[in-house]
Protein chains: 2
Amino acid sequence: MRADSRLSRMLHVLIHMDRHDGPVTSELIARMLNTNPVVVRRTMAGLRERGYLTSVKGHGGGWALARSLDEITLRDVYEALGEPTVFAIGVADDDPKCLVEQAVNAAVGEALREAEQRLLSRFGEISIGELARDFDRRMAECTAG
Amino acid sequence: MRADSRLSRMLHVLIHMDRHDGPVTSELIARMLNTNPVVVRRTMAGLRERGYLTSVKGHGGGWALARSLDEITLRDVYEALGEPTVFAIGVADDDPKCLVEQAVNAAVGEALREAEQRLLSRFGEISIGELARDFDRRMAECTAG
DNA sequence: GATCACGAAACAACAGGAGTTGCATAACTC
DNA sequence: GAGTTATGCAACTCCTGTTGTTTCGTGATC
Ligand code: FES
Ligand code: FES
């Protein structure tokens, strides 16, 4: 499977929008992400439904933030995307007859579940505002150097 | 992508082989896993190269364990499979020009790397022998009840 | 009403695991 | 040594889910 890059793409977009006055069109966002306006609308639809974004049709329309970046965590974005599959690996059969396979699934499944929990918890601790400030630091270093 | 089930499949097979006298053919293993002998050979090739298994051609041939299950961890099997991709999610561009994207990649990439490290460490702590003993417990419960 | 921009549906492209077929090769049996 | 068994390898197809593209509809602005 190709890696699902929707999460990082949305974070990228949200920060850019925060530093931008007025609504941003799907067309412009698509150019930033090197992709297609339709893909942008599809991906951002979930964030609009959750109330993180608004979209306005017609002339002068486009996308705008409905909340501060400090109020949105990486986990919020992950969930707005429909909680996509985290792992590329998994068990062969979720409810096997074979007792050996049940023992294997118990161990592997447990490890995966725990790793997923930890990852999502970590995502819940990171606000996009923090990422934006990290960007500011990088920018300052860049212009200073 | 469909979830990569090779890890759990191999664990399943290894435990079965441990409880089996003499070599096991790819044909028999394929029936256990509800799959194809060629898929079995392809998947098990890596374990042979690492010295965990041996394979013998010809009449009376097949696959056999070359080590005790207590000497093989889940991580060993994972690595023998070629360290397949762990996550289904990832960043859009590994080396972006855009500073915003760099900040995003730093945060998301770090969280993913750490989660992967933790998961693989956990895999390194679990030997297949333990899984086999867990199977024994399940079996005892089953016959007792 | 012309233009701009989102909304939704339908479809092709792509990637990687899984499944399949065919043939070569090695080992054992007789 | 001929026949059988079983792995080894290469070259497909199939499946699933993200990504990319086209088309048409609709609402808002000028
Ligand atoms: S396939 Fe029957 S016990 Fe594993
Ligand atoms: S696309 Fe993000 S800074 Fe240029």
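Letters A, B, ... are given to chains in the order of the sequence lines, protein chains preceding strands, and every chain is numbered from 1.
Atom CG of A/L33 and atom P of D/dT18 are 17 Å apart (whole Å). Rounded to whole Å, the distance from CH2 on A/W63 to C1' on C/dC4 is 16 Å. Atom C1' of nucleotide C/dA5 and atom CZ of A/R48 are separated by 13 Å, given to the nearest angstrom. Separating the CD1 atom of A/I89 from the P atom of C/dG17 is a distance of 12 Å, rounded to the nearest angstrom. Per the geometry, CG belonging to A/L53 stands 13 Å off C1' belonging to C/dC6, to the nearest Å. Remark: P of D/dT7 and CD of B/E27 are 9 Å apart, rounded to the nearest angstrom. Across the protein-nucleic acid pair, A/I29 atom CD1 and D/dG20 atom P stand 15 Å apart, rounded to whole Å. Between the CG atom of B/D93 and the C1' atom of D/dT18 there is a distance of 17 Å, given to the nearest Å.
Across all strands shown, B/T35 has heavy atoms under 4.0 Å from sugar-phosphate atoms exclusively, and none from any base.
Of the side-chain N and O atoms in A/R41, none sit less than 4.0 angstrom from OP1 or OP2 of C/dG7. Phosphate contact (OP1/OP2 of C/dA5, side-chain N/O of A/S55, threshold under 4.0 Å): absent. Not one side-chain nitrogen or oxygen of B/S26 sits closer than 4.0 Å to the OP1 or OP2 atom of D/dA6. For D/dT7, the OP1/OP2 oxygens have no side-chain nitrogen or oxygen of B/R42 closer than 4.0 Å.
Of all nucleotides listed (C/dG17, C/dC6, D/dT7), C/dG17 comes nearest to the side chain of B/R6. In the set C/dG7, D/dT18, D/dC30, D/dC30 carries the atom at the smallest distance from any side-chain atom of A/H59. Side-chain proximity of A/R9 to D/dT19, D/dT7, C/dG22: nearest is D/dT19. Residue B/N36 places its side chain closer to C/dG19 than to any other of D/dT22, C/dG19, C/dG17.
Between the side chain of B/S127 and the main chain of B/E71, no donor-acceptor pair closer than 3.5 Å is present. The backbone N or O of A/F87 sits nowhere less than 3.5 Å from a side-chain atom of A/T85 that would complete a donor-acceptor pair.
Between A/N34 and B/P37, the residue whose closest nucleotide on DNA chain D is further toward the 5' end is B/P37. Each of A/K57 and A/R2 lies near DNA chain C, and the nucleotide nearest A/K57 is the one positioned closer to the 5' end. Residues A/G60 and B/V24 each lie close to DNA chain D; by heavy-atom proximity, the contact nearer the 5' end of the strand is made by B/V24.
For the 3.5 Å distance criterion, the side chains of A/H16 and A/H20 fail to qualify, holding no donor opposite an acceptor.
Ion pairing between a basic and an acidic side chain is recognised when a charged N comes within 4.0 Å of a carboxylate O; A/R118 and A/E114 show such pairing. Salt-bridge formation is not detected for the pair A/D136/A/R133: no Lys NZ or Arg NE/NH1/NH2 atom is positioned less than 4.0 Å from an Asp or Glu carboxylate oxygen.
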